[in-house]
Number of protein chains: 2
Amino acid sequence: MADKVTINDIARLAGVSKATVSRVLNRKPDVDPATRERILHIIEEQSFVPNMAASGLAGGQSRLIGVLVPSLTWHFIPYIIRGVAEAVAQTSYDLVLYSMNDLEQDKSDALARILTTKLTAGLLGIVPGQSAKYVTRLHKHGMPIVIIDDQIQPPAHIPWVGVDNLSGAYTAVRHLIRLGHRRIAHIRGPMRNLCCQERHQGYCKALQEAGITPNPEWILDGDFTSEGGEIAARKLFALPPEKRPTAIFASSDPTAYGIISAAEEAGVRIPGDIALVGFDDLETSAYIRPGLTTIRQPFVEMGRKAMELLFSMLNTQPLSKQPLLHQPFGAANQTESEPVRVYLDTRLVVRASCGASQGPQSFAQAV
Amino acid sequence: MADKVTINDIARLAGVSKATVSRVLNRKPDVDPATRERILHIIEEQSFVPNMAASGLAGGQSRLIGVLVPSLTWHFIPYIIRGVAEAVAQTSYDLVLYSMNDLEQDKSDALARILTTKLTAGLLGIVPGQSAKYVTRLHKHGMPIVIIDDQIQPPAHIPWVGVDNLSGAYTAVRHLIRLGHRRIAHIRGPMRNLCCQERHQGYCKALQEAGITPNPEWILDGDFTSEGGEIAARKLFALPPEKRPTAIFASSDPTAYGIISAAEEAGVRIPGDIALVGFDDLETSAYIRPGLTTIRQPFVEMGRKAMELLFSMLNTQPLSKQPLLHQPFGAANQTESEPVRVYLDTRLVVRASCGASQGPQSFAQAV
DNA sequence: TTGTATGCGTTATCAA
DNA sequence: TTGATAACGCATACAA
């Protein structure tokens, strides 16, 4: 295995200049089909791979995609990343993970590095949170950027991928109403997050449509964690039986887990005494008892879709993995202008926590 | 924000040559403390960040660590990555994720890129599997490499991080024996994996120590999945009651989940009729009912430890995040030679699936 | 259609 | 202790 074969070696072997080799490497149209073919074969023969650093330096398109991830503690981040990895695997790009550990300092550092170094062709910001302003700045500087974020109002004009939280919540509560419930509580997530506000709105909308007035006593605040859910649920279960709700819509699956614990503790049966719907559909929700009826967020698909969106924005096209030999050349940059805001569908997943399902509501569609 | 400030700008501003700036950037000892200080301040003032591509090209140490990950479908991979990210966050390195999607082609491609491109300072191979041979080759070529792998016998001399599967399994089965069980079944994982062989050995060892002869009828093969566990468990539950085991040691947590399902289906109560111990301690295991007693693998710590090991191997030291100004210079490369094989402790986590715990065995130590 | 020459930002090798 | 200067491997005008 020749330790390092460069573009020069290829050029020499092919009897051309390295400029020509560079041209076929970058899919320039102006090169003789015959020579291209010849060069291509030599490239394959030598299993030559261009040096990223060099092409990056020389101003060429980099093959690196930066991914900003919040500390991997959020449950769903790995799923998003899985989707991202799947999409990237189809291309010749690689992933650079910038994981932000809450510290403001770190963020600006990493971002500065991205800014300065021309090494990344694009950026995917997953719940950028505090670093949103850096991301925005990068976007202004022309860096192709896509964000996945449900915490804040997505900045205008920055491509964004997410779900419709309002309709998801609406679907969840509609499900409960169709099962006959009218006393429905809601344990919310941190209301500074846009998604929590939207889920709350969806909850209210479903109730109002059914002619039900939301009862403030049944709207409690959680924090997306099991602990938060447990604490809030205890308050509900401490209510005298006649003042208790018959169903709860939790703003997240972990919140629902906490509710289940609190119910066990209080001798409240689920779904016997109280029906429960969550929001997320984490893997655990299929195993927990009772199985959790919940709104599925397509995390993997979100990651994949976001990457596809990002690729469509890169001026050079994704370059599938076996590109040099078997791809059509020439006019290939007809990337259709994608929408800058992609809403993925949520889906109701029915399990045991609402009791026997009565009818075909298992795949009720988000409106 | 000056769009790109280079080493030349710093040199000009400091009234020195870029060679000198480069020296302080790379912590060379031979530079006047006064000049160093001056340059350092200007660097900070300009928030200058060296261009990775350029330094990579010029032969300097890259600040990129390659991480080979199998498709993110394995449950524990995200946890390992979390640990990796934590360790990397302490340094000025960044992470490049190479996710291998089973396809042999992809692997050699990615590896070749790593090999050719001098961009990555080191490599962490997580369960490299088929690409193990490439990894070995890279190691021979002098690339600093650490692997986390429980599938095969770790190649000699390649630093390795993992757990002691034998003693973990031993601890699990000892726990069951101490609870009074003597009819203990084992649903194994794919036996081509080293870890599965070791867990099986630990199972046998514990039984033999207690004077129990393993019953071949109670040793079944699973495949680490819930489905596999369910299928195997059904066979066990199909046995006439007097020939059934009273306890099961599952080779993985998902396997245990499958056993729980099969038990529900067969009307077998856990822990009433059968005690159950798993291996992994995935997050789900705390929520599933009954709560799963299991052997905890310290995934996050594995990732962190592996990175620390890798950093200790890089000839230049990890360079903490605020290095240029507040770090001691000079003789800094006294990286103590770390052991090349790091075994992390597993731990017994007691939950409900084995019945009421009787005594202080909750934190029984691996031998 | 192809080749030549120059530059990208940094490190390393010399001298000074 | 410092400063020129030559690589590093590739992309891109500009010529031919």
Side-chain angles (χ1 to χ4, degrees), chain A residues 2-39 43 46 48-64 113 115-119 121 315-316 324 329-330, chain B residues 2-39 43 46 48-64 92 112-113 115-119 121 315-316 324 329-330:
Chain A
D3 249 46
K4 37 170 51 178
V5 31
T6 76
I7 197 175
N8 279 304
D9 302 321
I10 305 297
R12 188 168 34 72
L13 258 34
V16 298
S17 77
K18 55 181 191 173
T20 304
V21 177
S22 177
R23 286 190 185 96
V24 352
L25 246 22
N26 295 286
R27 295 176 179 63
K28 304 290 183 185
D30 52 352
V31 45
D32 185 87
T35 30
R36 153 168 289 137
E37 204 64 26
R38 184 156 42 89
I39 295 178
I43 286 179
Q46 304 291 322
F48 163 70
V49 179
N51 180 315
M52 286 178 121
S55 36
L57 225 203
Q61 274 304 311
S62 142
R63 311 267 73 171
L64 253 30
R113 211 168 333 161
L115 188 75
T116 310
T117 239
K118 285 297 209 26
L119 218 53
N315 37 20
T316 161
L324 294 174
F329 298 95
Chain B
D3 250 45
K4 36 169 53 177
V5 32
T6 77
I7 197 175
N8 280 303
D9 302 322
I10 304 298
R12 188 167 35 70
L13 257 34
V16 296
S17 76
K18 56 181 189 174
T20 303
V21 177
S22 177
R23 285 190 186 96
V24 352
L25 246 22
N26 295 287
R27 294 177 181 64
K28 306 288 184 182
D30 52 352
V31 47
D32 185 86
T35 4
R36 153 168 288 137
E37 203 65 26
R38 184 155 44 89
I39 296 177
I43 287 179
Q46 304 291 321
F48 162 70
V49 180
N51 180 315
M52 286 177 118
S55 33
L57 225 205
Q61 274 303 311
S62 141
R63 310 268 72 171
L64 253 31
S92 64
R113 212 169 330 163
L115 187 76
T116 309
T117 238
K118 284 297 211 26
L119 219 52
N315 38 19
T316 159
L324 294 174
F329 298 95

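Order of the sequence lines fixes the chain letters, A, B, ..., with proteins taken first and strands second; residue numbering starts at 1 for each chain.
- One can place NZ of Lys4(B) at 13 Å from C1' of dT10(C), the figure rounded to the nearest angstrom.
- Nearer to the 5' terminus of DNA chain D, by closest-nucleotide assignment, is the contact made by Asp30(B) (compared with the other of Asp30(B) and Leu57(A)).
- Residues Gly56(B) and Ala53(A) come closest through the heavy atom pair C-CB, 4.4 Å.
- Boundaries of the chain A contact region on DNA chain D are dG9(D) to dA13(D), first to last in 5' to 3' order (nucleotide atom under 4.0 Å from a heavy atom).
- When all heavy atoms are compared, the tightest approach of Asp9(A) to Lys4(A) is OD2-O, 3.8 Å.
- At its two ends the helix from dT1(C)-dA16(D) to dA16(C)-dT1(D) runs along axes set 30° apart, each axis drawn from five pairs and the angle rounded to 10°.
- Closest approach of Gln46(B) to Val5(B), counting heavy atoms only: O-CG1, 3.9 Å.
- Put simply, the side chain of Thr6(A) does not reach to within 4.5 Å of the side chain of Asn51(A), judged on heavy atoms.
- With hydrogens and angles disregarded, a donor-acceptor distance shorter than 3.5 Å links the side chain of Arg38(B) to the backbone of Ala14(B).
- The CZ atom of Arg36(A) lies 10.0 Å from the CD1 atom of Ile43(A); values are rounded to the nearest 0.5 Å.
- Nearest approach of Lys18(B) to Ile7(B), heavy atoms of both residues: O-CD1, 3.6 Å.
- Of all the heavy atoms in Ser17(B) and Ala11(B), the pair that sits closest is C-CB, 3.7 Å.
- Here Ser17(A) reaches the OP1 or OP2 of dG3(C): one of its side-chain N or O atoms lies under 4.0 Å away.
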Could you run through nucleotides 11-16 of chain C and give me one letter per nucleotide, 5' to 3': B if any protein heavy atom sits under 4.0 Å from the base, S if only the sugar-phosphate is that close, - if neither? BB----

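- Within the structure, a side-chain polar atom (N or O) of Thr35(A) is placed less than 4.0 Å from OP1 or OP2 of dT2(C).
- Here the closest non-hydrogen pair linking Pro50(A) and Leu25(A) is CG-CG, 4.0 Å.
- Side chain of Asn26(A) to main chain of Lys28(A): no donor-acceptor pair is present (N/O by atom type, distance under 3.5 Å, no hydrogens or angles).
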